[in-house]
Each structure stands twice: as C-alpha cells, then as structure tokens.
Amino acid sequence: MARGGIEKYPIGHEVIWKDRPGRTRIKVKTATNTFVDKRIVEYLKYHPGEDLKGCVIIHLDSDPFNFNEENLVKIPKEIHMFMLHHDLYYNNAELTKTGIIIAKTRYELKKQKLKMR
C-alpha cells in the first residue's frame, strides 16, 4: 500500500478540490477506491439506479456546496456544452433553469437546420 495515497482515506471521505481559479468541487471517496464528484453521488441518492451515461449533473445555483435535491439537475452533455459556449450558466437557480430551456431549444433548432441541408 502506498504511503499517503488514496488508500489512507475511508470510504465517504470528502475533499475540496480546486482544479483552477474560481472552480471548486467536492469529491467523495467511493467503494471503488476512487474520488467522484459529490454532486453525482448525491444525485444518485435522490434518483437511485438512474443512468447518467451521456449526461452531466449541475448545481442550478452554481454553489458547489449545495446538494439539495432540487438544486441538482441532470442534463445531456450536448446541452451542457451549449450552455458553456453561450454563457447560459448563472449564480441563480431560476436563471439557470431558463438557460437550460434556451439551450435545449436552440440546440434542437440547430439540429433541425442541419437536417434540412
């Protein structure tokens, strides 16, 4: 066993991870001996067995410490990327919900335009 490695932490141990300025994530050690975003772990507590393939879990209010069920939302990766590209994330849950609607609508319109070509 490596000294100071991931093995020294118990399952459920939380760490605050700052991978770049202005971005904070909470990670949790899982039974698979890896650290996973806590938002994923918490979302799956509220929605057990749900498939997250091709999706991202976001905090509606952009608060990385708010894990309330209504604040964690699953969106498709395509919509997530569209939101990032078009600055549709906000520090307000209601505005972010509106941003999701806009992103979904614009994404579908873009897909329809490509089909028509």
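The figures here come from the full heavy-atom set of this structure, side chains too, leaving out hydrogens, waters and symmetry mates. Throughout, residue positions are numbered sequentially from 1 according to the sequence presented.
Applying the salt bridge (charged side-chain N to carboxylate O under 4.0 Å, His left out) test to every pair with at least one member in residues 87-110, sequence neighbours left out, gives these pairs: Glu94-Lys97, Glu108-Lys111. Each salt bridge (charged side-chain N to carboxylate O under 4.0 Å, His left out) pair with one or both residues in residues 49-58, not counting sequence neighbours, appears once here: Glu50-Lys74.
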*For Phe65 and Ile26, run side-chain contact (heavy atoms from CB on, under 4.5 Å): C-alpha distance rounded to whole Å, both residues' side-chain angles, the deciding distance at 0.1 Å, then the answer.*
CA-CA 7 Å; Phe65 300 97; Ile26 312 303; 3.2 Å; yes
*Begin with the C-alpha distance, continue with both residues' side-chain angles, and end with the deciding distance and a verdict on side-chain contact (heavy atoms from CB on, under 4.5 Å) for Tyr43 and Phe67.*
CA-CA 8 Å; Tyr43 183 86; Phe67 298 101; over 6 Å; no
*Hey, mind stepping through Asn92 and Asp61 against side-chain contact (heavy atoms from CB on, under 4.5 Å) and telling me if it holds?*
CA-CA 5 Å; Asn92 175 295; Asp61 65 359; over 6 Å; no
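With rounding to the nearest 0.5 angstrom, the CZ atom of Phe35 is 6.0 Å from the OH atom of Tyr9.
Side chains of Lys38 and Lys27 form no contact here, defined as non-hydrogen atoms less than 4.5 Å apart.
Distance alone, capped at 3.5 Å, places no donor-acceptor pair between the Asp37 side chain and the Arg39 backbone. Listed for the Asn66 side chain is no donor-acceptor partner under 3.5 Å among the backbone atoms of Asn71. Formation of a donor-acceptor pair under 3.5 Å by the Lys29 side chain with backbone atoms of His13 is not found in this model.
The hydrophobic clustering, which links ILVMFWY residues whose side-chain heavy atoms are closer than 4.5 Å, places Ile101 and Leu72 apart. Residues Val36 and Leu52 share a single hydrophobic cluster, defined by chaining ILVMFWY side chains whose heavy atoms lie under 4.5 Å apart.
Taking Ile, Leu, Val, Met, Phe, Trp and Tyr as members and joining any whose side-chain heavy atoms lie under 4.5 Å apart, directly or through other members, the hydrophobic cluster of Met83 also contains Val56, Ile58, Leu60, Val73, Ile75, Ile79, Met81, Phe82, Leu84, Leu88, Tyr89, Tyr90, Leu95, Ile100, Ile102, Tyr107.
Nearest heavy-atom pair across Ala31 and Ile11 is CA-CD1, 3.7 Å.
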